[in-house]
Amino acid sequence: MKTNEHFVIAVNRELGSGGRTVGEKVAQRLGVPFYDKALIQSLKEKYQLSTDEIERLKGQQHNWWADLKRSFGIMPSYAAPQLFAKNTPIPDFLITDDIFKSETEILKAIAEDGSCVIAGRSAFYIFRNHPNHLNVLIQAPMEQRLSRVMSKRNISREEAQKIINEVDEGRERYINKYTGTSRYDTRNYDLVISMNGLSVDDAVDIIIDYIEKGCRE
């Protein structure tokens, strides 16, 4: 992947691995927007971006997202998710075909508008044929995941284990249904990082070093 050309970085991650924070910090380091599940849902709701509405906008011009962003003053910043922090994402097991299609169109339009980092949302699959992309999977040992979820949500170990199990199963069903593959299939990624013994900043450095090495070759 070359950073001097239009690029997309897709970060898939396990709950409790710190992968979302890794993706956000990579976006900061590269100076590009960061998008995740909560932000995409918020954009859909705030601007009423149903599949039909997106098709109407696409019929008006090629890059409808750029026009929408200018019209409504959507901030092209890695800090943008904070604008919508109060929204609660729709659980993956409640995603419908229409929601998946509209979110896919939003992601494609966002990527067409400029370089970005996207966490989750099947981005690794959606952009698999993008000419300048990087797919990353962030994993962590279960004990590390439990500790992070317990700390961030102030819940018991049993509650954290239940949430992780439900999210893991839900995300795998979602990915399998809409992509026909597994989120754990390492062939879907260019870089797989285990957070075992690593800090968030360590993982960010690994990704940046990987990108810089590719740019030099």
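- Here R145 pairs with D168 in a salt bridge; the nearest charged N to carboxylate O distance falls below 4.0 Å.
- Side-chain contact between F124 and V11 is absent, with no heavy atoms from C-beta onward closer than 4.5 Å.
- Looking only at distances, a side-chain donor or acceptor of E14 sits under 3.5 Å from a matching main-chain atom of A140.
- Note on R157 versus E143: salt bridge recorded, some NZ/NE/NH1/NH2 to OD/OE distance being below 4.0 Å.
- A single hydrophobic cluster is not seen to contain both Y174 and Y184; linkage of ILVMFWY side chains at heavy-atom distances under 4.5 Å, directly or through other members, places them apart.
- Between the side chains of N176 and E172, no donor N or O sits under 3.5 Å from an acceptor N or O.
- Within the model, atoms CD of E24 and OH of Y35 stand 13.0 Å from one another, a figure rounded to the nearest 0.5 Å.
- Between N196 and Q144, the closest heavy-atom pair is CA-OE1, 3.6 Å.
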Could you walk me through whether V22 and V136 pass the side chain to side chain contact (heavy atoms under 4.5 Å, CB included) test, one step at a time?
CA-CA 10 Å; V22 170; V136 182; over 6 Å; no
Would you please test I9 and I118 for side chain to side chain contact (heavy atoms under 4.5 Å, CB included) and show each step?
CA-CA 6 Å; I9 299 177; I118 300 172; over 6 Å; no
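- Between the side chains of S156 and E159, at least one donor N or O sits under 3.5 Å from an acceptor N or O.
- Of the possible donor and acceptor atoms, none in the side chain of S151 sits under 3.5 Å from a partner among the backbone N and O of S147.
- Remark: the backbone N or O of F7 is paired with a side-chain donor or acceptor of S115 at under 3.5 angstrom.
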Determine, step by step, whether E112 and K108 satisfy the salt bridge (charged side-chain N to carboxylate O under 4.0 Å, His left out) criterion, reporting the C-alpha distance in whole Å, the side-chain angles of both residues, the deciding distance to 0.1 Å, and the verdict.
CA-CA 6 Å; E112 182 180 346; K108 287 180 177 179; over 6 Å; no
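- Of all heavy-atom pairs spanning F34 and A27, the tightest one is CB-CB, 3.7 Å.
- Closest heavy-atom contact between V149 and A160: CG1-CB, 3.9 Å.
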Go through the steps to decide whether I193 and L137 satisfy the test side chain to side chain contact (heavy atoms under 4.5 Å, CB included), and finish with yes or no.
CA-CA 6 Å; I193 298 175; L137 175 63; over 6 Å; no
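- For R128 and Y125, the positive end sits near the middle of the six-membered ring, less than 6.0 Å away and at most 45° from its axis.
- Atom-to-atom distance recorded for K2:NZ and L134:CG is 13.0 Å, nearest 0.5 angstrom.
- Looking only at side-chain heavy atoms (C-beta outward), I110 and V8 stay at 4.5 Å or farther from each other.
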Apply side chain to side chain contact (heavy atoms under 4.5 Å, CB included) to I106 and K101, showing your working.
CA-CA 9 Å; I106 292 171; K101 290 177 183 177; over 6 Å; no
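- The CG atom of L15 lies 5.5 Å from the CD1 atom of I164; values are rounded to the nearest 0.5 Å.
- The two atoms that bring S122 and I175 nearest to each other are OG-CD1, 3.4 Å, heavy atoms only.
- In this structure, CE on M195 lies 7.0 Å from OG on S17, to the nearest 0.5 angstrom.
- At least one side-chain heavy atom of H130 sits under 4.5 Å from a side-chain heavy atom of N132.
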Side chain to side chain donor-acceptor pair (under 3.5 Å), that's the test. Do N165 and E169 meet it? Break it down for me.
CA-CA 6 Å; N165 290 343; E169 292 172 6; 5.9 Å; no
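- In terms of heavy-atom proximity, V204 sits nearest to V26 at CG1-CG2, 4.0 Å.
- Between R13 and D36, no side-chain nitrogen of the basic residue sits less than 4.0 Å from a carboxylate oxygen of the acidic one, so the salt-bridge criterion is not met.
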Please list, one pair per line, the donor and acceptor atoms closer than 3.5 Å that link side chains of residues 185-192 to other protein atoms, with sequence neighbours excluded.
| from | atom 1 | to | atom 2 | distance (Å) |
| --- | --- | --- | --- | --- |
| D185 | OD1 | R187 | N | 3.0 |
| D185 | OD1 | R187 | NE | 3.0 |
| D185 | OD2 | R187 | NE | 3.2 |
| D185 | OD2 | R187 | NH2 | 2.8 |
| N188 | ND2 | T181 | OG1 | 3.1 |
| N188 | ND2 | S182 | O | 3.0 |
| N188 | ND2 | D185 | O | 3.3 |
| Y189 | OH | N12 | ND2 | 2.9 |
| Y189 | OH | R183 | O | 2.6 |
| D190 | OD2 | N135 | N | 2.7 |

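- When atom types are taken as modelled, the side chain of D205 and the backbone of D202 share no donor-acceptor pair closer than 3.5 angstrom.
- Here the CD1 atom belonging to I211 is positioned 13.0 Å from the NZ atom belonging to K213, to the nearest 0.5 angstrom.
- If you take CZ on R29 and CD1 on I208, they are separated by 5.0 Å, rounding to the nearest 0.5 Å.
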